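Because the structure is predicted, anything quoted here is derived from the model rather than measured.
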Amino acid sequence: MKQLIIILFSVSLIACASPKVLDVSTAPEADFSKYKTFAFYELTAFGDTITEVFNDRVGYLKKVIASEMEQRQFKQVSNNADLLINIGIAIKLEVQTRETDWRTDGMMKYMGQRNYKWEAKEIEVGRYRRGAITLHIVDAAKNHMLWTATLRGSLPDDSTKVAAFADKGVKALFGKFPVR
C-alpha cells in the first residue's frame, strides 16, 4: 500500500512539473500539404521579466521549433516563406505564500497582564516564474492563421534545465500539430 501511495505521489509530481498544451485550434480549411517553406515573424520583447539571456533562449526556442517543422518536411527560408510562425511569450514572476500557524511558527506573544496575542500572517516561502508560449502558424500570402496552440508551465530555476524544458514543451506542442 505504501508503495502505491509513493508511486501515485511521484506520478502527480511529474505531471505537475510538465508543461501543458492548451487551446489547440486548426482552421477548418487548413491544408498543410500546399505549403513547403516557413519563416519566423520578428520577435519584439519588453517587460520586467526580460533577462540578459532572453534573446539566447528565444534563439534556442526558434531552433527547436525549426527542427520540428523540418521533421515535417517544411524548409526554413529567410524570405518569401509560405508559412510564418509567430511566437508569443508571456512570463510572470509568482510568489508562493503560506499562512502562519501558532502550532508550527512559534508561541503566542505575551502582552502583559495575562493577555496573549496571536496573529496569522501570509509569509513568502518561494518565488517562481510561470510562463506561456503561444504559436501561431499563418498563411503568409493570405495573412490567415492556420494553426495555434498554447503551452503553459513553471519555468525551471536552474538555467541548465531550460533547454531540456524547451525541448519537452515544443515536442508536446508539435504532438498536437496536424502534420506528423
Side-chain angles (χ1 to χ4, degrees), residues 11-96 127-180:
V11 168
S12 68
L13 280 178
I14 291 169
C16 291
S18 299
K20 297 192 179 16
V21 177
L22 308 167
D23 307 327
V24 178
S25 177
T26 305
E29 70 280 358
D31 179 11
F32 287 97
S33 63
K34 296 190 284 186
Y35 306 100
K36 303 291 181 223
T37 61
F38 74 95
F40 290 96
Y41 277 106
E42 182 181 338
L43 182 70
T44 56
F46 57 90
D48 60 350
T49 57
I50 304 300
T51 64
E52 50 281 342
V53 294
F54 180 79
N55 289 330
D56 295 336
R57 290 182 178 172
V58 168
Y60 184 78
L61 194 60
K62 284 182 176 181
K63 186 174 117 183
V64 174
I65 292 168
S67 172
E68 288 290 329
M69 291 294 285
E70 288 166 357
Q71 286 177 17
R72 288 160 175 80
Q73 307 307 314
F74 295 101
K75 183 180 181 213
Q76 185 173 6
V77 295
S78 55
N79 52 9
N80 297 328
D82 300 331
L83 297 172
L84 292 173
I85 300 176
N86 182 45
I87 305 171
I89 300 173
I91 300 171
K92 184 177 180 187
L93 182 63
E94 299 279 350
V95 177
Q96 184 178 1
R127 291 177 180 252
Y128 61 98
R129 292 182 191 271
R130 293 219 18 103
I133 296 172
T134 301
L135 288 185
H136 297 137
I137 297 184
V138 178
D139 180 322
K142 297 178 184 174
N143 199 26
H144 179 71
M145 187 166 52
L146 300 172
W147 184 78
T148 182
T150 300
L151 178 75
R152 289 199 181 125
S154 295
L155 284 76
D157 289 332
D158 186 356
S159 61
T160 61
K161 295 180 181 177
V162 171
F165 184 79
D167 287 339
K168 186 177 182 180
V170 170
K171 285 186 189 320
L173 268 178
F174 276 91
K176 307 284 185 178
F177 192 64
V179 180
R180 301 268 177 227

(request) Mind checking the CD1-NZ spacing from I85 to K62? Nearest 0.5 Å is all I need. (result) 10.0 Å

(request) Starting from the C-alpha separation in whole Å, work towards a yes-or-no answer on side-chain contact (heavy atoms from CB on, under 4.5 Å) for R57 and V162. (result) CA-CA 8 Å; R57 290 182 178 172; V162 171; 3.8 Å; yes

(request) Spell out, as yes or no, whether a donor-acceptor pair under 3.5 Å connects the side chain of D82 to the backbone of T37. (result) yes

(message) Once rounded to the nearest 0.5 Å, what's the spacing between atom CD of Q76 and atom CZ of F38?
(response) 4.0 Å

(message) Could you measure the distance from the CZ atom of F74 to the CG atom of L83? Nearest 0.5 Å is fine.
(response) 5.5 Å

(request) Please determine, by modelled atom types, if Y60 and N55 share a side-chain donor-acceptor pair under 3.5 angstrom. (result) no

(request) Only one of I87, I133, L173 passes side chain to side chain contact (heavy atoms under 4.5 Å, CB included) with I65; say which it is. (result) I87

(message) I want to check something: taking the side chain as every heavy atom from C-beta on, are E29 and H144 in contact at a cut-off of under 4.5 Å?
(response) yes

(message) Looking at every heavy atom in both R152 and L22, which two are closest together, and how far apart are they?
(response) NH1-CD1, 3.2 Å

(request) Check step by step if side-chain contact (heavy atoms from CB on, under 4.5 Å) holds for L146 and Y35. (result) CA-CA 11 Å; L146 300 172; Y35 306 100; 3.6 Å; yes

(message) Show the nearest heavy-atom pair for residues V24 and A149, with the distance to one decimal.
(response) CG2-CB, 3.9 Å

(request) Examine the side chains of T134 and T150 and answer whether a donor and an acceptor come within less than 3.5 Å of each other. (result) yes

(message) To the nearest 0.5 Å, what is the distance between CG on L151 and CG on D23?
(response) 11.0 Å

(message) Would the distance check show the side chain of T26 and the main-chain N or O of W147 forming a donor-acceptor pair, the cut-off being under 3.5 Å?
(response) no

(request) Could you give me the CA-CA distance, side-chain angles and deciding distance for L93 and R127, then say whether side-chain contact (heavy atoms from CB on, under 4.5 Å) is met? (result) CA-CA 7 Å; L93 182 63; R127 291 177 180 252; 3.8 Å; yes

(message) Within this structure, what is the OG-NZ distance for the pair S154 and K92, rounded to the nearest 0.5 Å?
(response) 12.5 Å

(message) If I compare all heavy atoms of A39 with all of V77, which pair ends up nearest, and what's the gap?
(response) CB-O, 3.4 Å

(request) Write down the atom of F177, the atom of F32, and the distance for their closest heavy-atom approach. (result) CZ-CE2, 3.9 Å

(message) For P19 versus F165, what's the shortest heavy-atom pair and its separation?
(response) CD-CE1, 3.9 Å

(message) One thing to verify: whether E94 and R129 come together as a salt bridge, which I'm taking to mean a side-chain N less than 4.0 angstrom from a carboxylate O.
(response) no

(request) With rounding to the nearest 0.5 Å, note down the distance linking OG in S25 to NE2 in H136. (result) 9.5 Å

(request) Could you give me the CA-CA distance, side-chain angles and deciding distance for M69 and K75, then say whether side-chain contact (heavy atoms from CB on, under 4.5 Å) is met? (result) CA-CA 7 Å; M69 291 294 285; K75 183 180 181 213; over 6 Å; no

(message) So which atom in F174 and which in R72 form the shortest heavy-atom distance, rounded to 0.1 Å?
(response) O-NH2, 2.9 Å

